[in-house]
Amino acid sequence: MTSPEPSPDVPDVPDHLRTPQRRTAHLFAEFVERQAPGVPLPGRMTARRFAVLTALGRQDLSLARLAEGHLDAAAILHELNEPPPAAGERWGVWAARPPGPGVHATAAGEEWMISGVKPYCSGARSCTHALVTADAEDGYRLFAVPLEHPGVRPVEGTWPAIGMAGSDSLDMSFTDVPARAVGGVEGYLNRPGFQHGGIGVAACWLGGAHAVAAPLYQRAEAGRLNEHAAAHLGAVDMLLHTADTVVREAGEDIDADPLDEREQARVRTLRVRCLVEKVCAEVMDHVGRATGAGPLCQDERHARAVADLTVYVRQHHAEAAQADLGRQATAARTQMTAPRTQAAP
């Protein structure tokens, strides 16, 4: 069976914090204070970084979502030569760009002001700072925004979801909010770490798949599996072991080429994300078929894990990502098989 990663050292939550949003905010603050400084940046023991995210996803996917955002913000700031998060700061990366008016940035001398509404802002009421993407006159940019400004406010009622309820991913409204440009135009998207961060998200999904599978492993350990359930468990174990291995090897590959000089980061990220999404879907199906409705109805932790993973994994772009992978893989294969030109003697 796939051996679990040790769970992060996150304390129990007091009774008065049992609402999903408050519970996650409390755990997030504890993680940022106690663990985040020790998590390696991409390119430096990246497999260990991914293992931390998978362990967080196994514990609580909403917590993993906020932790991944803070760690990604720290990596982005480092890569773009900006100061790291200070003690007591909790950062998010708010970069969703669905159709709609979005957020716009206006230059005011050497400063910037941003206005508009950004959707899917995880940690809306628990982050102190965020990296926010916005459209500017010269192109698409990334900005560091302190969230205590009175022009920043969450749009209540915009995250009524049951799955990932604890992530508190409300829309955020910005009205003439001062912001600091981070990197240049398109710098957020064009840096190598954009691809490395995409695998970090998949590592969180994978942790959620492990959490969903837990009741099936527990039944096996208690000797309560018939042959059909045992077959489902075998399939689940194979899927999880494969995804664990691929994510770990992706981290090792990133360490070997952190600046993506070999131009493999894009195809690597697409392969890992497409695989992990498929593993998540199939694990949920196998576990449901093997265990029936019992855990969904009687095991709160399992029911929450299924609901959370169902929502979170839809951050993957499904067939669009697979089509992109097909094009990228074809280009990579063509490059590998193209005859090399001999230099003249």
Side-chain angles (χ1 to χ4, degrees), residues 1-8 10 20 23-24 27 50-65 67-68 161-167 199-248 250 271-319 321-322:
M1 295 183 181
T2 302
S3 59
E5 285 287 333
S7 296
V10 178
R23 175 183 183 278
T24 304
L27 294 175
F50 292 160
V52 169
L53 292 170
T54 297
L56 287 165
R58 185 195 297 262
Q59 178 192 344
D60 185 312
L61 272 175
S62 288
L63 169 61
R65 173 68 191 94
E68 185 275 328
I162 295 173
M164 297 296 287
S167 70
I199 298 178
V201 174
C204 296
W205 300 341
L206 179 54
H210 277 282
V212 168
L216 189 53
Y217 282 103
Q218 290 162 4
R219 288 193 181 192
E221 291 162 358
R224 296 190 294 112
L225 285 189
N226 60 30
E227 286 303 305
H228 292 292
H232 284 296
L233 177 58
V236 165
D237 192 75
M238 176 269 295
L239 290 164
L240 292 176
H241 177 74
T242 299
D244 284 337
T245 301
V246 167
V247 169
R248 183 182 68 250
R271 284 170 176 163
V272 173
R273 285 172 65 98
C274 287
L275 172 71
V276 173
E277 187 267 348
K278 180 178 178 64
V279 165
C280 289
E282 294 191 10
V283 165
M284 285 192 285
D285 185 56
H286 281 293
V287 172
R289 288 175 176 273
T291 63
L296 288 170
C297 299
Q298 298 170 347
D299 182 341
E300 179 184 358
R301 183 181 178 87
H302 175 73
R304 177 156 47 90
V306 171
D308 287 351
L309 185 57
T310 300
V311 172
Y312 195 5
V313 80
R314 290 278 52 84
Q315 189 174 358
H316 181 65
H317 297 304
E319 284 76 14
Q322 291 180 343

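Along the sequence shown, the residues carry numbers beginning at 1.
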Show the numbers, then the answer: is there a side chain to side chain contact (heavy atoms under 4.5 Å, CB included) between R23 and D60? CA-CA 10 Å; R23 175 183 183 278; D60 185 312; 2.3 Å; yes

What are the two closest non-hydrogen atoms of [X] and [Y], and how far apart are they?
X: L275; Y: A243; result: CD2-CA, 4.3 Å
X: C204; Y: L61; result: O-CD2, 3.2 Å
X: R58; Y: A211; result: O-CB, 3.4 Å
X: P215; Y: H302; result: CG-ND1, 3.4 Å
X: L56; Y: A67; result: CD1-CB, 3.7 Å
X: A203; Y: T54; result: O-OG1, 3.0 Å

From [X] [atom1] over to [Y] [atom2], what is the distance, rounded to the nearest 0.5 angstrom?
X: L239; Y: K278; atom1: CG; atom2: NZ; result: 8.5 Å
X: L309; Y: M284; atom1: CG; atom2: CE; result: 4.0 Å
X: T242; Y: L206; atom1: OG1; atom2: CG; result: 10.5 Å
X: Q322; Y: H316; atom1: CD; atom2: NE2; result: 6.0 Å
X: L53; Y: W205; atom1: CG; atom2: CH2; result: 12.5 Å

Do the side chains of [Y] and [X] get nearer than 4.5 Å, heavy atoms only?
X: L240; Y: Y217; value: yes
X: L216; Y: H286; value: no
X: P295; Y: Q218; value: no
X: H232; Y: V287; value: no
X: Q59; Y: L27; value: yes
X: H210; Y: D244; value: yes

Backbone N/O of [Y] and side chain of [X]: donor-acceptor pair under 3.5 Å:
X: S62; Y: S167; result: yes
X: D308; Y: M164; result: yes
X: T24; Y: L63; result: no

Are R289 and D285 within salt-bridge range, i.e. N to O under 4.0 Å?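 Counted as a salt bridge, because a side-chain N and a carboxylate O are separated by less than 4.0 Å.
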
